[in-house]
Amino acid sequence: MTYREAYARLSEIGETQLLRFYDTLDEKDRASLLDQISRTDFSYLNAFHERNRETKRGAITPIPAMTLSEIRKRRMDFRKTGFDAIRSGKLAAVLLAGGMGTRLGITGPKGAFNIGITRDVFIFQRLIENLLRVVEAANTWIHLFIMTSERNDAETRAFLAEHRYFGYDKDHIHFFTQSMAPAVDENGHVLLETPSRIAVSPNGNGGWFLSMADAGYVDLLHTLGVTFLNVFAVDNVLQSIADPTFLGAVIETGSACGSKVVRKADPDEKVGVMCLEDGKPSVVEYIEMTDAMRTERRADGSLAYGFGVILNYMFRVADLEKVMHEQMPVHFAHKKIPYVGEDGQTIRPDMENGWKFEYFILDMVHELPGCLPFEVEREREFAPVKNREGTDSVESARKLLALNGIAL
Ligand code: UTP
């Protein structure tokens, strides 16, 4: 892209300010800025300008979950079906590791975080150890796709290579990077991080399938005969991956997708819960729930909206392909975004100064015709590492790891 072309493009959207340092840049930086402008998706700005338009949610109703007791009864059948599918190569796993881990206060990949006390226990190591259990039981490798972002891709690859993929077969690991979105100031103008670089951040965990397709991996799935994808978050150190019982349940119930869920500890626990919205699977956030919804109970006394999502989904590739180009809602996160001052130096603000744009995987679930909420035992499968201290922290995850007999 030439300067003229960039200027014309930015004029249309009122963002020529992104070229305000252009005259001061050397040839290399000029080329890099023009290249970034040509690659940046500025359509996120439209969503920001329309953010105050009222978005009304559909009619929310409870969704029945498959509970632990039912799963226990049908476990042998589910496991057999799941293992058969795994042994015939139908399942691959997708690790979403493109996030920034800002709450944890780290700069590198979250998976490289060491949660050990007397020995090294890296988050990636924990995940791979869990996946290896299934690989060993099935006696077959499972393809593992890892989504990184521009910000942590090189470090993630180097870290895993240095640790020899924690015993995983590297020919069954495939990396791809997610798309980035520009960040804006309080008025919706795109920020520069340095004189020659637009401030961008990973565009959320909802765009993973499109990014996978862009990398050519959806074609690879077809070649390999993979029809199911187990997608999961990087930060749950008890994450059960490629769980044959879960896969078998999705297959046997003919569900379009499955979502692992945990039972809410009490009506006021602050988690997003699975529900139906206009008859389609959806997630209602804690703040969106009315008192009546929070406390509503079924005939058996359990909470009607009582199952929280833990970001572990089972998808069918064919269904994902049908919905991948549907426009998903853009979410806005108020964040501290480094930006360039008029002297050309980057400023790291102490307070939120702008907005980042994100797509959420739960909106993708809403595009599908159905979803099986599949209950799992919280203490056995859910130990998220989001914060340094308190809820969902290094501290709470360590306790849960110890409870599960994992030496730290
Ligand atoms: P979180 O929503 O916890 O975000 O991600 P985060 O970036 O890891 O952490 P904070 O909010 O900055 O503290 C949930 C899962 O989605 C992935 C994360 O890597 C994690 O597995 N994710 C999130 C992405 O892959 N890409 C994104 O853009 C955001």
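Positions are given from 1 along the sequence. Whatever order the structure lists ligands and atoms in, that order sets their numbers, starting from 1.
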Check against side-chain hydrogen bond (donor to acceptor under 3.5 Å, both in side chains), D153 and T148: CA-CA 5 Å; D153 184 66; T148 60; 2.6 Å; yes
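- Side-chain atoms of R20 come within 3.5 Å of backbone N or O of Q17 as a donor-acceptor pair.
- Between F145 and H174, the ring-plane angle classifies as parallel under the 30° and 60° cut-offs.
- Among the atoms of G204, some N or O lies under 3.5 angstrom from an N or O of ligand 1.
- Taking only nitrogen or oxygen atoms, main chain and side chain alike, L96 reaches within less than 3.5 Å of ligand 1.
- Atom 16 (O) of ligand 1 has as its closest protein heavy atom N205 ND2, 3.2 Å.
- For a threshold of 3.5 Å applied to N or O pairs, the pair formed by R103 and ligand 1 contains at least one separation below that value.
- Taking the six-membered ring for Trp and the full ring otherwise, the centers of Y359 and H331 sit at least 6.0 Å from each other.
- Near K386, meaning under 4.0 Å from any of its heavy atoms, are these atoms of ligand 1: 1 (P), 3 (O), 14 (C).
- On a distance-only criterion, L311 and ligand 1 share no N/O pair closer than 3.5 Å.
- Remark: ligand 1 atoms within the under-4.0 Å shell around heavy atoms of T102 are 10 (P), 12 (O), 13 (O).
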Could you check R316 against T227 for side-chain contact (heavy atoms from CB on, under 4.5 Å), going step by step and ending with a plain yes or no? CA-CA 6 Å; R316 292 175 188 260; T227 50; over 6 Å; no
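- Between Y22 and Y3, the angle of the ring planes lies from 30° to 60°, which puts this pair in the tilted group.
- Using a 4.5 Å heavy-atom threshold, the side chains of V184 and F48 count as touching.
- With ligand atoms numbered from 1 in the order given, ligand 1 contributes 19 (O), 24 (C), 25 (O), 26 (N) to contacts under 4.0 Å with heavy atoms of G98.
- Protein heavy atom nearest atom 22 (N) of ligand 1, with residue, atom name and distance: G99 N, 3.5 Å.
- Remark: ligand 1 atoms within the under-4.0 Å shell around heavy atoms of K110 are 8 (O).
- No donor-acceptor contact under 3.5 angstrom links the side chains of E186 and N353, judged on distance only.
- Ligand 1 has no N or O atom lying under 3.5 Å from any N or O atom of M147, backbone or side chain.
- Regarding atom 6 (P) of ligand 1, its nearest protein heavy-atom neighbour is G101 N, 3.7 Å.
- When heavy-atom distances to ligand 1 are checked against a 4.0 Å cut-off, A233 comes that close through both its backbone and its side chain.
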